Amino acid sequence: MLDKSFDPTAIEERWYQRWESAGYFRQQADKTPAYCIQLPPPNVTGTLHMGHAFQQTLMDALIRYHRMRGFNTNWVVGTDHAGIATQIVVERQLEEKGTSRHDLGREKFVERVWQWKQQSGSTITRQMRRLGASANWTYADTEGQKSGYFTMDAHMSRAVVEVFVRLYEEGLIYRGKRLVNWDPVLGTAVSDLEVDTEEEDGRIWELRYPGEDFSLTVATTRPETMLGDVAVAVHPQDARYRDLIGKKVQLPLTGRTIPVIADEYVDPQFGTGCVKITPGHDFNDYQVGRRHNLDPISVFTLDARVNDHAPAKYRGLERFEARKQVLADLTAQGLLVAEKPYKLRVPRSGRTGVIVEPMLTDQWFVAMETLARPALHASKTGELKFYPEHWTTTYDQWLENIQDWCISRQLWWGHQIPAWYDDAGNCYVARSEEELKKKHPGKKLRRDPDVLDTWFSSALVPFSSLGWPEKTKDQEVFLPSSVLVTGFDIIFFWVARMVMMSLHFTGKLPFRDVYINAIVRDAEGEKMSKSKGNTLDPLDLIDGIAFDALLKKSTVGLLKADHRQKVEGYIKAHFANGIPAFGTDALRFTFASLASFSRTLNFDLNRCEGYRNFCNKLWNATRFVLMNTEGKDCAQDESRPVKLSFIDRWIISRLQRVEAEVAQGFADYRFDNLAGAIYRFVWDEYCDWYVELAKLQLQDPDEAVQRGTRRTLVRTLETSLRLAHPLIPFITEELWQKVAPLAGKRVNATGDTIMLQPYPKSQPERIDEAAERDMALLKEWTVATRNLRAESKLPPGERLPLYATAQPPVSDPRLMLAALKALARLEEIRHVAQLPDSPAPVAVVGEARLMLYKEVDPAAEAERISKEIARVTGEIAKSKAKLANSSFVERAPKPVVEQERQRLAAAAELLQKLQDQLKKLRGDK
RNA sequence: GGGUGCUUAGCUCAGCGGUAGAGCGUCGCCCUUACAAGGCGAAUGUCGUAGGUUCGACCCCUACAGCACCCACCA
């Protein structure tokens with residue numbers, strides 16, 4: 001016997017273990033068709049957050065669904081070395097110990113990061129297991145840790161080198177001194193995508209540069225960069241300055257003179273129409289400088305201090321110190337014309353938040369244009385499909401305006417670039433140093449110290465995880481993968497680049513569909529952030545957490561007092577009693593239910609509670625079924641006669657419809673629809689109606705009816721469990737084990753799990769419209785009668801007779817009335833030609849009028865009827881107006897007009913009855 | 001400057017050319033032997049604003065407003 005309510009923790013522990021150790025998650029050789037999903041590899045040292053949990057729930061649902069449908073499923077998982085992020089973490093650890101990576105040296109430092117990876121690397125994969133992820137952990141698992149590939153393991157690294165070398169050989173990778181976004185804190189270049197520009201309140205200054213018999217005023221938001229100015233630019237057509245083009249001005253503070261140049265880039269309408277040109281520290285100016293053959297002057301060191309190209313006075317000053325000094329000196333010389341408040345866009349490094357400095361450095365780039373073209377083609381032709389579709393635009397537009405990709409990072413943790421230099425500075429790219437030494441014996445070679453952007457290796461995952469560069473069978477089977485489930489924030493970082501790389505190196509798409517999932521927000525739609533305290537840990541929703549523990553956990557590591565206070569406030573307001581344990585299934589069902597095509601997902605704890613209750617409902621329904629079927633004849637062998645009533649046939653029919661709805665939901669990636677369909681079927685149809693009616697049928701003296709009921713109870717439940725399994729794997733497995741034998745499922749060695757059972761498939765031939773019509777009537781009569789009951793304010797337990805002026809037009813009126821009597825808790829049902837002469841409320845159902853005979857309060861009843869009359873009168877007016885409109889009657893489709901006529905007729909009839917009642921009521925007084 | 005999405009019940013969201021739906025919340029009544037994590041019932045909306053198309057618009061079109069996000073080199 002099942003416990004009275006379900007305890008998720010116990011169930012979940014039991015099943016995951018068994019599934020994994022039985023090897024159910026693995027792909028199967030020679031089974032077709034294939035279904036493959038590539039997990040966006042999480043940071044190896046990271047922890048699971050709501051976004052992961054959401055994504056992974058959807059992926060696992062898809063994988064389980066297809067596995068049950070007989071696909072050869074392969075959920076390829078792995079972890080990402082996350083270059084910058086991981087290096088930062090370890091550097092912080094060192095900092096706490098009062099040391100630094102520079103003290104350690106590169107080799108020791110990298111060793112240290114590996115240690116940290118080994119130590120914390122399993123956290124996130126352990127958490128994924130708690131979610132029930134049926135991932136192929138042992139696939140591409142070269143390190144033997146059952147967490148898939150690692151982007152820096154030997155195999156994945158080999159693919160990285162191979163791709164780098166090939167692209168270099170094809171001329172698609174080049175090295176050059178370019179202006180790049182530089183993070184002066186990390187001391188590395190970052191790509192355009194890793195820079196976030198936000199509008200901030202700042203200032204703009206106007207500086208005067210004196211010429212011989214004139215002076216020019218330039219505007220700047222970064223006065224310190226004037227130390228590196230090489231020109232002042234004006235628009236060639238600008239009448240104010242046309243005569244000055246080619247003349248020189250003095251660059252204050254530096255003793256240099258610079259030319260006045262003409263360039264279309266200048267907008268004469270903006271500011272003074274004169275622009276200072278600093279090619280060494282501004283992307284626009286860099287282009288201008290190139291056009292005019294002006295060499296850039298770098299005035300900052302790599303940690304953003306003024307360098308030796310500036311006058312001695314400023315050397316060594318940090319950039320913002322230098323700004324103050326420059327401004328002070330310009331003021332002293334009377335060259336500062338104005339200082340105004342100004343809204344400016346400040347580029348900040350996504351990782352550190354520090355203001356990025358455009359810096360002229362040697363970097364490696366991938367030339368993107370030739371790679372982008374086929375990727376664009378794929379989306380244009382529809383070979384690559386986005387869900388929701390509108391993300392295609394985002395993808396297309398980025399590819400249409402693609403820029404070369406700066407792939408080198410001045411970090412230590414990552415794939416070191418396979419390039420070497422000889423003493424003369426010549427560059428050699430090779431697969432290994434050995435290969436190079438063979439080619440160039442005796443040469444002294446020094447390896448490029450830079451590593452590759454983390455996204456470089458991520459871009460290869462769809463094929464490198466399948467064994468590339470070797471030719472493997474898996475690439476034939478699992479490439480392209482079926483769908484990529486990921487967030488819109490990495491469409492550029494990752495999705496587009498995977499498409500480009502896969503097409504280029506394998507000729508195949510990395511995936512056919514891209515499902516862009518919503519961003520998880522808190523219940524109010526606010527971004528989840530540690531400093532607000534509104535983050536949720538998926539594990540806390542699964543296991544529950546007490547208020548104190550939650551508070552402590554949320555405030556740990558928050559240094560600022562006002563942050564702490566804010567977080568405390570939030571937690572007190574939202575989680576005064578902590579968070580109850582909802583269990584994995586409830587959490588998963590919540591995610592699925594909220595996964596519509598909208599851009600954000602506001603995670604509501606109450607929703608989660610509701611779905612926990614749903615799990616409990618399913619549990620208890622099973623309890624009921626088991627109590628009534630275990631040890632009894634459930635007619636599985638069909639040896640004895642079985643009778644199925646319209647009620648049995650109705651639930652079977654409904655089941656076919658839900659199965660179809662669920663299939664449609666999966667096909668459309670509308671997880672909300674399919675979760676809703678399952679929810680409504682289990683709760684609103686099976687539990688609320690079928691189980692209640694089964695209670696009646698189980699008391700039928702005819703054993704064939706009992707057998708039919710038991711069989712339907714069991715089979716419908718067993719099917720529902722399979723239907724729901726992709727969303728709520730644990731509870732369905734637990735219950736299925738008990739229910740399946742009663743449903744005649746032979747549990748054998750390989751199929752000893754719901755996971756590998758066939759997924760329910762809608763059988764249209766079992767849709768029974770007649771039974772559905774009968775059931776609709778039964779429901780209608782029942783609801784109407786229950787309404788009468790509620791309106792009569794009957795004391796509990798009191799049963800009244802129901803007077804009805806007609807029989808329900810169903811195939812089996814006897815059963816129908818018995819059911820009505822039970823469901824509406826009636827004393828009996830009397831058929832009469834005329835309702836009793838009573839002011840008691842009357843319900844109209846089809847042809848029949850129903851009354852629960854009872855003395856009523858005439859005043860209250862009169863009021864109720866008057867209200868009803870008002871409503872019906874309104875409806876009649878609307879209908880009449882419509883039908884009076886000749887163009888409606890002539891031009892609307894016939895059935896619509898007919899429907900309107902019937903509506904009017906029914907309403908008129910109802911109105912007459914209500915008016916009679918009201919008259920009677922008033923007359924009685 | 002370009003682009004995208006959103007605006008529907010108190011809250012969070014579905015929906016759709018033919019008289020508005022769900023979950024949660026609210027309000028009654030009920031511990032009816034699967035489930036109080038439950039049952040039965042009820043209330044609640046000029047579907048952002050203004051036009052247009054249509055016999056008919058929450059839905060299609062146009063403009064506007066508000067919110068959010070993405071991309072972009074204006075000093």
Side-chain angles (χ1 to χ4, degrees), chain A residues 2 4-6 192-193 197 204 206 218-222 225 233 265-267 269-278 282-288 342 344-345 388 390-391 393-394 397-398 401 488-489 491-492 519 523-525 527 580 582 586 590 593-594 596-607 609-628 670 672-673 676 679-680 687-688 691-692 695 782-783 786-787 789-791 793-797 823-825 874-875 878-879 882 885-893 895-897 899-900 903:
Chain A
L2 294 173
K4 203 167 171 186
S5 60
F6 93 116
D192 302 349
L193 289 176
T197 46
I204 188 163
E206 287 177 12
V218 297
T220 180
T221 55
R222 303 202 49 204
T225 62
Y265 157 69
V266 180
D267 175 5
Q269 312 300 319
F270 187 89
T272 59
C274 302
V275 183
K276 65 193 265 312
I277 299 299
T278 322
D282 184 283
F283 289 98
N284 293 316
D285 295 3
Y286 183 73
Q287 295 304 330
V288 175
Y342 190 71
L344 66 154
R345 268 166 288 275
H390 69 256
W391 290 110
T393 317
T394 307
Q397 286 182 350
W398 188 69
N401 299 296
F488 70 78
D489 49 332
I491 289 178
F492 308 143
I519 297 294
E524 282 86 29
K527 226 175 209 161
F582 295 121
T590 310
S593 300
L594 295 173
S596 67
F597 273 174
S598 80
R599 194 176 283 214
T600 55
L601 180 163
N602 297 353
F603 192 90
D604 189 347
L605 227 54
N606 294 320
R607 261 329 250 276
E609 189 182 339
Y611 295 119
R612 192 264 323 254
N613 296 351
F614 173 73
C615 291
N616 190 48
K617 189 78 181 173
L618 187 58
W619 182 271
N620 275 291
T622 305
R623 216 165 89 90
F624 170 84
V625 172
L626 293 177
M627 282 166 66
N628 287 283
R670 286 300 301 265
D672 56 335
N673 288 348
Y679 183 96
R680 285 189 299 272
C687 291
D688 284 353
V691 166
E692 289 309 313
K695 289 174 184 172
T782 304
V783 169
R786 280 172 175 169
N787 256 314
R789 224 191 130 82
E791 278 166 25
K793 298 242 173 351
L794 285 187
L823 292 175
R825 307 168 77 207
E875 270 184 31
K878 253 195 224 166
S879 272
K882 234 177 178 179
N885 182 347
S886 60
S887 60
F888 170 73
V889 178
E890 282 157 27
R891 308 177 67 162
V896 173
V897 177
Q899 184 192 349
E900 200 58 42
R903 208 176 264 154

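The structure presented is a predicted model; accordingly, all values stated were derived computationally and were not measured. Each chain gets a letter, A, B and so on, in the order its sequence line appears, and its residues count up from 1.
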Among the candidates [options], find the nucleotide nearest to the side-chain atoms of [X].
| X | options | value |
| --- | --- | --- |
| A:F488 | B:rC70, B:rG39, B:rA37 | B:rC70 |
| A:R891 | B:rU54, B:rU4, B:rG41 | B:rU54 |
| A:N620 | B:rC35, B:rA75, B:rU4 | B:rC35 |
| A:F492 | B:rC70, B:rC13, B:rG15 | B:rC70 |
| A:M627 | B:rC24, B:rG5, B:rA34 | B:rA34 |
| A:F270 | B:rG41, B:rG5, B:rC74 | B:rC74 |
| A:T393 | B:rG3, B:rC35, B:rC74 | B:rG3 |
| A:A621 | B:rA34, B:rU12, B:rC69 | B:rA34 |
| A:T220 | B:rU19, B:rA75, B:rA34 | B:rA75 |
| A:N673 | B:rC13, B:rC24, B:rA14 | B:rA14 |

Who does [N] pair with, Watson-Crick or G-U, both distances under 3.5 Å?
| N | value |
| --- | --- |
| B:rC69 | B:rG3 |
| B:rG48 | B:rC64 |
| B:rU54 | none |
| B:rC27 | B:rG41 |
| B:rC16 | none |

Using the [atom1] atom as the point on both nucleotides, what is the distance between [M] and [N], in whole Å?
| N | M | atom1 | answer |
| --- | --- | --- | --- |
| B:rC16 | B:rA72 | P | 35 Å |
| B:rU62 | B:rC73 | C1' | 34 Å |
| B:rU44 | B:rC30 | P | 23 Å |
| B:rC58 | B:rU8 | C1' | 7 Å |
| B:rA65 | B:rG48 | C1' | 8 Å |
| B:rG52 | B:rA57 | C1' | 11 Å |
| B:rA50 | B:rU12 | C1' | 29 Å |
| B:rA14 | B:rU54 | C1' | 26 Å |

Can you tell me how far [atom2] of [N] sits from [atom1] of [X], to the nearest Å?
| X | N | atom1 | atom2 | result |
| --- | --- | --- | --- | --- |
| A:N602 | B:rC6 | CG | P | 15 Å |
| A:W619 | B:rC35 | CH2 | P | 14 Å |
| A:H390 | B:rG5 | NE2 | P | 6 Å |
| A:L601 | B:rG23 | CG | C1' | 14 Å |
| A:I491 | B:rG3 | CD1 | C1' | 13 Å |
| A:K276 | B:rC74 | NZ | P | 16 Å |
| A:L344 | B:rC73 | CG | P | 15 Å |
| A:R825 | B:rC30 | CZ | P | 11 Å |

Classify the angle between the aromatic ring planes of A:F270 and A:Y342 as parallel (below 30°), tilted (30 to 60°) or perpendicular (above 60°).
->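 Geometry flag for A:Y342 against A:F270: perpendicular rings.
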Which comes earlier along RNA chain B counting from the 5' end, the contact point of A:P893 or that of A:R599, where each point is its nearest nucleotide?
->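 It is A:R599 whose nearest nucleotide is closer to the 5' end.
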Toward the 5' end of RNA chain B, by each residue's nearest nucleotide, A:T622 or A:Y342 =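 Its nucleotide being nearer the 5' end, the pick is A:T622.
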Could you tell me whether the side chain of A:L193 reaches within less than 4.5 Å of the side chain of A:W398, counting heavy atoms only?
->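 Yes. Closest side-chain heavy atoms under 4.5 Å.
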Non-hydrogen side-chain atoms of A:F492 and A:T394 separated by less than 4.5 Å =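 The answer is yes, as the side chains (C-beta and beyond) meet within the 4.5 Å cut-off.
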Looking at every strand, decide which applies to [X] at a 4.0 Å heavy-atom threshold: base, sugar-phosphate, or nothing.
| X | value |
| --- | --- |
| A:C687 | base |
| A:V691 | base |
| A:V218 | nothing |
| A:D489 | nothing |
| A:D604 | nothing |
| A:S593 | nothing |
| A:T394 | nothing |
| A:R222 | nothing |
| A:F582 | nothing |

What are the two closest non-hydrogen atoms of A:A219 and A:I204, and how far apart are they?
->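 Taking every non-hydrogen atom into account, CB-CD1, 4.0 Å.
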Could you tell me which non-hydrogen atom of A:F582 sits nearest to which non-hydrogen atom of A:R612, and how far apart they are?
->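 Taking every non-hydrogen atom into account, O-CG, 3.5 Å.
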Could you grab the distance from atom CG of A:N885 to atom CD of A:E890, nearest 0.5 Å is fine?
->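 So the CG of A:N885 and the CD of A:E890 are separated by 9.0 Å.
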Spatial distance of atom CZ (A:R789) from atom CZ (A:R786) [nearest 0.5 Å] |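 Spacing of CZ (A:R789) from CZ (A:R786) equals 10.0 Å.
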Tell me, with the steps shown, if A:R599 and A:H390 meet side-chain contact (heavy atoms from CB on, under 4.5 Å).
-> CA-CA 11 Å; A:R599 194 176 283 214; A:H390 69 256; 4.0 Å; yes
Kindly say whether, by distance alone, the side chain of A:E692 makes a donor-acceptor pair under 3.5 Å with the base of B:rA34?
->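 Check passes, donor-acceptor contact within cut-off.
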Row check, A:Y679 ring normal vs A:K617 NZ/CZ: under 6.0 Å, within 45° =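 No.
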